[in-house]
Amino acid sequence: MDNIKNYVGQNKDRFINELIELLKIPSVSADSAYSQDVINTADAVKASLEKAGCDHVEICETPGYPIVYGEKIIDKNLPTILVYGHYDVQPADPVELWTSPPFEPVIKKTDLHPEGAIFARGACDDKGQMYMHVKALEYMVQSNSLPCNVKFMIEGEEEVGSPSLAWFVERNQDKLANDVILISDTGMISNTQPSITTGLRGLSYVEVEVTGPNRDLHSGLYGGAVANPINVLAKMIAQLHDENNHITIPGFYDKVEELTRDERDEMAKAPFSLDAYKQALDIQDVYGEATYTTNERNSIRPTLDVNGIWGGYTGEGAKTVIASKAYAKISMRLVPAQDWNEITELFTRHFTSLAPKGVRVKVTPHHGGQAYVTPIDSVGYKAAALAYEESFGIKPIPVRSGGSIPIVALFEKELKSKTIMMGFGLDSDAIHSPNEHFGIFNYLKGIETIPLFYKHFTELSK
Ligand code: BES
Ligand code: MN
Ligand code: MN
């Protein structure tokens with residue numbers, strides 16, 4: 001423990017500078033304008049794994065962006081940890097809301113990060129958190145303290161739904177064989193109260209198109225006489241929730257597992273200030289499903305949210321027009337036992353049924369995945385809890401997160417092992433938003449905590 005603290009202390013400037021170099025490459029997987037940058041980032045990750053001490057590293061081609069695979073196998077009889085992370089990032093837009101350019105990383109202090117935080121797209125999600133694992137390996141190799149085998153699988157398509165990863169995992173089950181999967185791509189409660197993410201929500205993401213007349217029309221000559229696709233779309237969307245903010249899609253809740261009162265009481269023990277929450281977001285009040293708390297609404301309950309809506313005239317000034325088409329992108333966050341394919345079908349059927357005769361509706365599924373819950377009595381969870389306790393001096397709390405890493409449920413199905421999510425980000429780190437950042441404290445604490453997981457996992461596996 002002291003050794004890793006010393007090592008981090010002596011090397012922290014280099015660790016920060018290496019991450020900064022990685023963050024300069026704009027590996028935006030959603031935008032093909034950046035495709036060469038995404039590929040270059042894979043090469044940079046490969047080089048970093050080689051330097052850190054992997055015996056074998058390769059770029060694995062897929063139908064999409066490559067997966068970087070690395071390993072260090074010290075003894076076939078020892079346990080194997082498979083580290084998963086992603087080197088792609090979300091688009092940076094709206095760029096004008098960044099206080100410094102998204103791909104020119106800078107260190108700035110914030111209220112929650114008095115030691116400073118690195119501001120850049122991908123700083124926390126997930127380059128910074130992924131790179132903690134590379135540096136933790138470097139330490140274990142340098143200090144001759146790697147207690148078990150390790151494999152890395154770092155992908156470049158997580159932010160677009162991991163379309164090639166399932167393909168890769170299905171074809172490489174032997175190569176990826178492991179005893180536990182370790183991911184740092186989530187958050188924790190605060191720097192003084194660590195937590196371990198035990199749940200991720202599932203996801204169904206769809207796009208809808210409502211078509212009215214065959215061309216845009218003069219809103220005076222035709223207004224009032226034909227269905228306006230934008231009016232209709234707004235009305236259809238409004239009908240997807242009732243007055244209690246329950247989702248109205250028939251069958252949507254059929255498989256949702258209700259938590260017991262005891263489980264909900266246990267959850268409510270995690271420190272949380274509603275006032276601080278409202279203040280941080282500058283809102284007068286929270287909003288959501290009746291009879292559930294804010295922390296329940298954003299973790300153990302399914303949701304339906306419009307992510308984008310467009311159509312008609314949005315340029316300068318006014319144009320009197322009835323658009324021919326209106327569109328929306330809609331995400332549904334799902335909880336265990338809800339099947340994302342089934343939910344996509346239920347949505348499609350219900351949404352289509354809401355359309356008046358004057359319009360046509362098309363629903364196109366984008367991507368999705370199942371929810372995931374990891375048990376807290378597994379060797380992996382216990383090892384993670386001991387690791388946090390040792391490095392923070394405080395016992396971590398298990399917390400179910402609202403976010404999704406859809407591929408995790410598939411890992412369990414294909415590779416038959418549990419996933420442990422040791423996240424070091426904070427909700428306020430603005431992932432996917434302008435001014436994303438990752439605390440220096442969090443980055444270095446992550447590097448310190450990871451080798452302790454290796455140690456405890458290997459010991460507890462004996
Ligand atoms: N790292 C996030 C997911 C996350 C963040 C989970 C914080 C828990 C806490 C991941 O990169 C992500 O953004 N996932 C997407 C889904 C994906 C299919 C685009 C999400 O949750 O929206
Ligand atoms: Mn991520
Ligand atoms: Mn993300």
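Remember, it's 1-based here, ligands and their atoms both numbered in the order they're listed.
N17 is not listed as a side-chain neighbour of R14, based on a closest heavy-atom distance of 4.5 Å or more. Contact annotation: the side chain of N244 never approaches that of E289 to less than 4.5 Å [non-hydrogen atoms, C-beta and beyond].
Ring planes of H437 and F119: parallel class, angle under 30° (limits at 30 and 60°).
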Derivation and outcome, ring-ring contact (aromatic ring centres under 6.0 Å, His included), residues Y69 and F152 = CA-CA 5 Å; Y69 174 82; F152 284 81; 9.1 Å; no

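Among the atoms of H432, some N or O lies under 3.5 angstrom from an N or O of ligand 1. Polar contact check, H367 against ligand 1: no nitrogen or oxygen pair lies under 3.5 Å apart. For the pair Q90 and ligand 1, the shortest N or O to N or O distance does not fall below 3.5 Å. Distances between N or O atoms of H86 and those of ligand 1 include at least one value under 3.5 Å.
The side chain to side chain contact (heavy atoms under 4.5 Å, CB included) test with L444 singles out one residue from V8, T449, N11, and that residue is V8.
Here H246 and H241 keep their ring centres 6.0 angstrom or further from each other. Not less than 6.0 angstrom separates the ring centroid of F15 from the ring centroid of Y443. When ring centroids are compared, Y388 and F424 come within the 6.0 Å threshold.
Shortest non-hydrogen contact noted between I343 and M332 is CG2-SD, 3.9 Å.
Within the protein, the number of N, O or S atoms lying under 2.8 Å from the Mn ion (ligand 2) is 4.
Of the candidates S404, G403, S401, S404 brings a heavy atom nearest to atom 3 (C) of ligand 1. Checking R333, H366, M421 against atom 21 (O) of ligand 1, the nearest heavy atom belongs to R333. Counting only non-hydrogen atoms, the option in L203, D125, I431 that gets closest to atom 7 (C) of ligand 1 is I431.
Scanning the protein for heavy atoms near atom 17 (C) of ligand 1, the closest one is E158 O, 3.7 Å. Of the protein's non-hydrogen atoms, the one nearest atom 4 (C) of ligand 1 is D185 O, 3.6 Å.
Numbered from 1 in the order shown, with element, the atoms of ligand 1 that lie under 4.0 Å from a heavy atom of P406 read 18 (C).
Closest approach between the Mn ion (ligand 3) and any N/O/S atom of H432 involves NE2.
A 6.0 Å sphere centred on CD of Q284 holds no more than 12 heavy atoms belonging to other residues, nucleotides or ligands.
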